[in-house]
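Only one structure is covered here, and it is reproduced in the block below.
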Number of protein chains: 2
Amino acid sequence: MSGKPVTSVDVARKAGVSQSAVSRYFTPGASVSKKMAEKIRVAAEELGYRPNVLARAMITGRSRIIGLVVYYLENQFYPEAVEKLSIALQENGYHVLLFMASNTVGDVEPVVQSILDYRVDGIILVSASMSSTLADRCKAQNIPVMLFNRDQPSQDLRAVTSDNVEGGRMAAGMLLKGGPKRIAHLAGFEGSSTQQQREEGFVAALAEAGHQLHSRAVGNYHYADAADAARELFDVPEPPDALFTGDDHMALAALDVIRIELGLRVPEDVAVVGFDDIPQAAWPSFNLSTVRQRMNVMVSTVVDELIAAVEGEDRPERKLRIAPVPVYRGTTRD
Amino acid sequence: MSGKPVTSVDVARKAGVSQSAVSRYFTPGASVSKKMAEKIRVAAEELGYRPNVLARAMITGRSRIIGLVVYYLENQFYPEAVEKLSIALQENGYHVLLFMASNTVGDVEPVVQSILDYRVDGIILVSASMSSTLADRCKAQNIPVMLFNRDQPSQDLRAVTSDNVEGGRMAAGMLLKGGPKRIAHLAGFEGSSTQQQREEGFVAALAEAGHQLHSRAVGNYHYADAADAARELFDVPEPPDALFTGDDHMALAALDVIRIELGLRVPEDVAVVGFDDIPQAAWPSFNLSTVRQRMNVMVSTVVDELIAAVEGEDRPERKLRIAPVPVYRGTTRD
DNA sequence: GCCAATTTTGCATACGATTGCAGAATTGCG
DNA sequence: CGCAATTCTGCAATCGTATGCAAAATTGGC
C-alpha cells in the first residue's frame with residue numbers, strides 16, 4: 001500500500017542528480033551525458049518511474065490526448081472506425097478519450113464541452129457534426145477538429161469522407177446493370193451530408209439513364225427503422241425490383257425483411273446495393289453487393305491531417321474525399 | 001487566434017475576487033457567499049471559463065479518467081460493452097481512455113504501462129487478462145483494476161463475469177431437449193477462463209444426461225477461425241446434429257458454413273446454441289438460440305464496483321458472477 | 001598545457017488549479 | 001448594541017514536470 005507514485009524527484013535523489021536531469025533524460029531532444037543517463041536509467045528502472053503525462057501536459061500544453069466522439073456503436077462501421085483510429089493514433093503516441101454522444105446522453109454540445117475540459121490536443125467527430133459556436137470555441141482554444149465520414153457546409157471545418165456523390169452514382173450503375181424496372185431508395189438520416197450526397201449522386205445517375213425513383217423511405221441509419229422502411233417499400237402491390245440503401249447496416253435489415261419476412265428472392269426479385277462494406281456484408285448469409293468506403297485510407301488520412309494540425313502545420317486542403325470502390329457480390333444481377 | 005485558454009486567474013481578475021474564490025465556486029463542497037458566487041458566475045460565463053481537469057487532477061490525485069482495454073471490436077459483443085461502459089461512466093462523471101490491445105499493437109503490457117502514465121483512476125480490462133507483475137504495479141500505485149467478462153485465478157483481481165459454468169449447463173439443456181445423437185462443441189480461445197468454464201458446465205451437464213462430446217474444434221473467438229472449425233466438424237461422413245459454440249460471433253460463422261456452404265438445415269439437421277446474445281443473434285437471418293449474458297447488469301455492476309474502489313471503499317466480494325438467461329429462438333428443436 | 005568554444009548541469013520559476021490556515025466579515029442572541 | 005460563534009475570503013504552499021539561464025565541466029586546436 002505504498003500509495004505514493006514515484007516522481008522525478010525520487011529518481012533524482014536516488015541517482016544523485018538534479019530533478020532537471022531526470023526530466024531531460026525523459027525528453028527526446030534534450031542533452032544528457034552518458035554517465036548521467038546511465039545513472040538515471042538504473043535509478044528509474046529500480047523505482048519503476050514513469051513520467052506523469054498530466055504534469056507534462058500542464059507545462060507543454062500538449063496532453064497527447066485526442067477526443068473521439070461517436071454516436072453509437074451498433075452499426076459495425078463505427079467499431080471498425082474506432083478500432084482503427086485508435087490504433088493509428090496509438091502508433092503516433094496519442095491516445096483516445098472516447099465520448100459517446102448517443103441519445104441517452106443527450107446532445108453533443110455538453111459532450112464536446114467536457115472534452116475541452118481535458119485539454120485534448122485535437123478532436124475527431126465520427127459521423128457527428130458540431131454547432132458553429134462550439135466550433136468557434138475550439139478554434140479559439142486552438143484545438144483542431146476533424147470530421148470523419150460526415151461533412152458540414154461550414155467552409156472552415158476539416159473533413160475526411162468518401163466521395164459520396166460518386167458513390168451514389170456507383171450504386172446506380174451497379175443496379176442498372178440488372179435492367180431494373182422499379183428502383184427504390186432506403187434513406188439514412190436526412191439531416192446528414194452523407195445521405196444527401198449519396199442520394200444526389202444516385203438520383204442523378206438514374207436520370208442520366210432515363211430512370212427515376214419509384215419509391216423512397218427513411219431508415220435513419222437504424223436497424224429497426226430500416227426494417228420498417230423496408231416493409232413500407234415492399235409490402236405493397238407493386239414492390240420495387242431494385243433497392244439502394246444509405247448504408248450496409250440498413251441493407252442487412254432490408255434483406256432480412258425482403259427474404260425472410262416477405263419471401264422474395266434476392267437478386268432475382270429484388271437487387272440490393274448497400275454502402276460502406278462492413279465486415280458482415282461479406283458474410284455468406286448476406287453476401288451483399290455494396291459501395292466500399294476505403295476505411296484504411298480514410299483513417300490514415302484523418303490521423304495524418306489531425307496530427308499535422310496539432311503540430312501547428314496549416315495545410316490548405318480542408319475537404320478530403322476518398323474515392324469509393326464498387327464491390328459486386330450476390331445481391332445484384334448482371 | 002487568441003490561443004491562450006482562460007484560467008481561473010483571468011476570471012478572478014475580471015470578477016474582482018481572489019483566485020481561490022473562483023476555485024471554490026467550481027468545487028462542489030466549498031463555501032462561497034451568494035454575492036461572490038454571482039460575480040464569479042457572470043465573469044466565468046463571459047470569458048467562457050471552464051476548470052482545467054488536468055491541473056485539478058494534479059492536486060487532487062484524481063484524474064476522473066478510466067482506462068478501458070479492449071482486444072478488438074469485430075465481435076459485436078465488445079462494441080456493445082464499450083458503448084454501455086462508456087455511457088455509464090460518463091453518467092458518473094468519469095471518462096474513458098480507450099486502449100486497443102489488438103495483435104497489431106503487440107502485447108497488453110506496454111499498453112497498460114502507458115495507461116498508468118495517464119494516472120487513470122481505475123482500469124477495466126474487457127476480455128483481457130493481466131500479468132501478476134503488472135497487477136502488482138497497479139496495486140502499488142493504488143489503481144483499482146476490474147476484469148470484465150474474463151476471470152483469472154489470482155484471488156486478488158476483481159472480476160465481473162456471467163456464471164459461465166451455469167451458462168454452459170444451460171446450453172446443454174437447450175440442446176438436449178431436441179434429443180440429439182451427436183453433440184459437438186466449437187470452442188473459443190482455450191486460454192480464456194470463459195471458454196474453460198462454459199465448456200466445463202456444458203460437458204458436465206451432458207454427462208449427467210448420459211451423453212458425451214462427439215467432436216470438438218477450436219475457433220478462437222474469431223469469425224474466420226470459427227468457419228474453418230465448423231468445416232472441420234461438419235464436412236465429414238457423420239456430422240454432429242447439435243452444436244454449442246463458445247460465443248454468438250462464432251455461431252454466426254458456423255451457421256454460414258452449415259447452411260450456406262454445406263446446405264444443411266437448421267435446426268432439423270443441426271441445432272445450434274451460442275453464447276452472449278449479441279444484437280445480430282436476434283436478426284431474422286440468424287434467429288439464433290443462445291445463452292444471454294445480461295450486459296446491462298454486468299455493466300452497471302462493474303461500474304459500480306470500480307467507482308466504489310476508486311473512492312476508497314473496500315468491498316469484500318471480488319468475483320461477481322451474473323446469472324445468464326436461456327434464449328430460445330429458431331436454431332433449436334424441442 | 002592553455003584558452004576559447006561547446007556541452008552539461010543545477011537553480012529557480014512556471015503551468016493552473018486545490019486547500020490549510022488565519023484574519024475579516026457576517027450572523028445570532030441576549 | 002455588544003460580543004461570541006460562525007461563515008467567507010485571501011495568502012501561500014503544493015502537485016510533478018519542463019525549461020530559460022548562468023555556472024560548471026568538457027572538448028578541441030595549437
Side-chain angles (χ1 to χ4, degrees), chain A residues 2-41 43-44 47-65 114 116-121 141-142, chain B residues 3-41 43-44 47-65 114 116-121 141-143:
Chain A
S2 54
K4 294 276 149 281
V6 186
T7 75
S8 59
V9 178
D10 300 332
V11 176
R13 188 161 26 228
K14 175 139 193 163
V17 302
S18 75
Q19 178 269 327
S20 0
V22 178
S23 170
R24 289 199 174 92
Y25 175 73
F26 284 96
T27 306
S31 59
V32 200
S33 71
K34 293 201 183 82
K35 256 180 291 186
M36 289 216 117
E38 183 55 17
K39 282 196 291 187
I40 295 172
R41 199 188 57 70
L47 294 169
Y49 169 77
R50 308 213 70 198
N52 182 331
V53 178
L54 268 37
R56 171 177 289 170
M58 283 207 52
I59 303 288
T60 62
R62 328 235 76 136
S63 59
R64 302 203 77 84
I65 298 178
S114 50
L116 295 179
D117 295 349
Y118 282 93
R119 301 300 190 262
V120 296
D121 288 346
Q141 299 198 23
N142 239 328
Chain B
K4 295 277 150 278
V6 187
T7 75
S8 59
V9 178
D10 301 332
V11 177
R13 188 163 24 231
K14 175 141 194 161
V17 301
S18 76
Q19 179 271 328
S20 3
V22 178
S23 170
R24 289 202 174 89
Y25 175 75
F26 284 97
T27 307
S31 58
V32 201
S33 70
K34 291 200 184 81
K35 255 180 291 184
M36 288 217 120
E38 184 55 16
K39 282 195 290 187
I40 296 172
R41 197 187 58 71
L47 294 169
Y49 168 77
R50 307 213 68 196
N52 183 331
V53 177
L54 268 36
R56 172 179 288 168
M58 284 207 51
I59 303 288
T60 62
R62 327 235 79 137
S63 60
R64 302 202 78 83
I65 298 177
S114 49
L116 295 180
D117 296 348
Y118 282 93
R119 300 301 190 263
V120 298
D121 287 347
Q141 299 198 25
N142 240 330
I143 298 178

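Per chain, numbering begins at 1; letters A, B, ... match sequence-line order.
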**Prompt:** Given that B:Arg119 and B:Lys35 both sit by DNA chain D, which one's nearest nucleotide is further toward the 5' end?
**Reply:**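 Result of the comparison: B:Lys35.
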
**Asked** More 5' along DNA chain D: A:Val53 or B:Ala37, using each one's nearest nucleotide?
**Response**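 Comparing both residues, the 5'-ward one is B:Ala37.
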
**Message:** Quick one, B:Tyr118 with A:Asn52, criterion side-chain contact (heavy atoms from CB on, under 4.5 Å). Give me CA distance, side-chain angles, the key distance, then yes/no.
**Reply:** CA-CA 7 Å; B:Tyr118 282 93; A:Asn52 182 331; over 6 Å; no

**Request:** Using a heavy-atom cut-off of under 4.0 Å over every strand shown, decide if B:Val9 touches base, sugar-phosphate, or nothing.
**Result:**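 The residue B:Val9 makes no contact with any strand.
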
**Residues in side chain to side chain donor-acceptor pair (under 3.5 Å) contact with B:Arg50, at least two apart in sequence or another chain** =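 Testing B:Arg50 for side chain to side chain donor-acceptor pair (under 3.5 Å), a comparison that skips the adjacent residues, returns A:Gln113, A:Asp117.
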
Write down the atom of [X], the atom of [Y], and the distance for their closest heavy-atom approach.
X: B:Val6; Y: B:Val11; result: CG1-CG2, 4.2 Å
X: A:Ser63; Y: A:Arg119; result: OG-O, 2.8 Å
X: A:Tyr25; Y: A:Arg41; result: OH-CG, 3.1 Å

Send over the distance from [X] [atom1] to [N] [atom2], rounded to a whole Å.
X: A:Asp117; N: C:dG16; atom1: CG; atom2: C1'; answer: 13 Å
X: B:Arg13; N: C:dG16; atom1: CZ; atom2: P; answer: 12 Å
X: A:Lys39; N: C:dT8; atom1: NZ; atom2: P; answer: 15 Å
X: A:Met36; N: C:dT9; atom1: CE; atom2: P; answer: 5 Å

Roughly how far apart are [X] [atom1] and [Y] [atom2], rounded to 0.5 Å?
X: B:Thr60; Y: B:Asp121; atom1: OG1; atom2: CG; value: 8.0 Å
X: A:Ser18; Y: A:Ile40; atom1: OG; atom2: CD1; value: 7.5 Å
X: B:Ser8; Y: B:Arg13; atom1: OG; atom2: CZ; value: 10.0 Å

**Reading 5' to 3' through nucleotides 18-24 of chain C, protein heavy-atom contacts under 4.0 Å coded B for base, S for sugar-phosphate only, - for none** = BBBB---

**Prompt:** Nucleotide range of DNA chain D contacted by chain B, 5' to 3', under 4.0 Å to a heavy atom?
**Reply:**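 Reading along DNA chain D, I get D:dC8 to D:dG16.
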
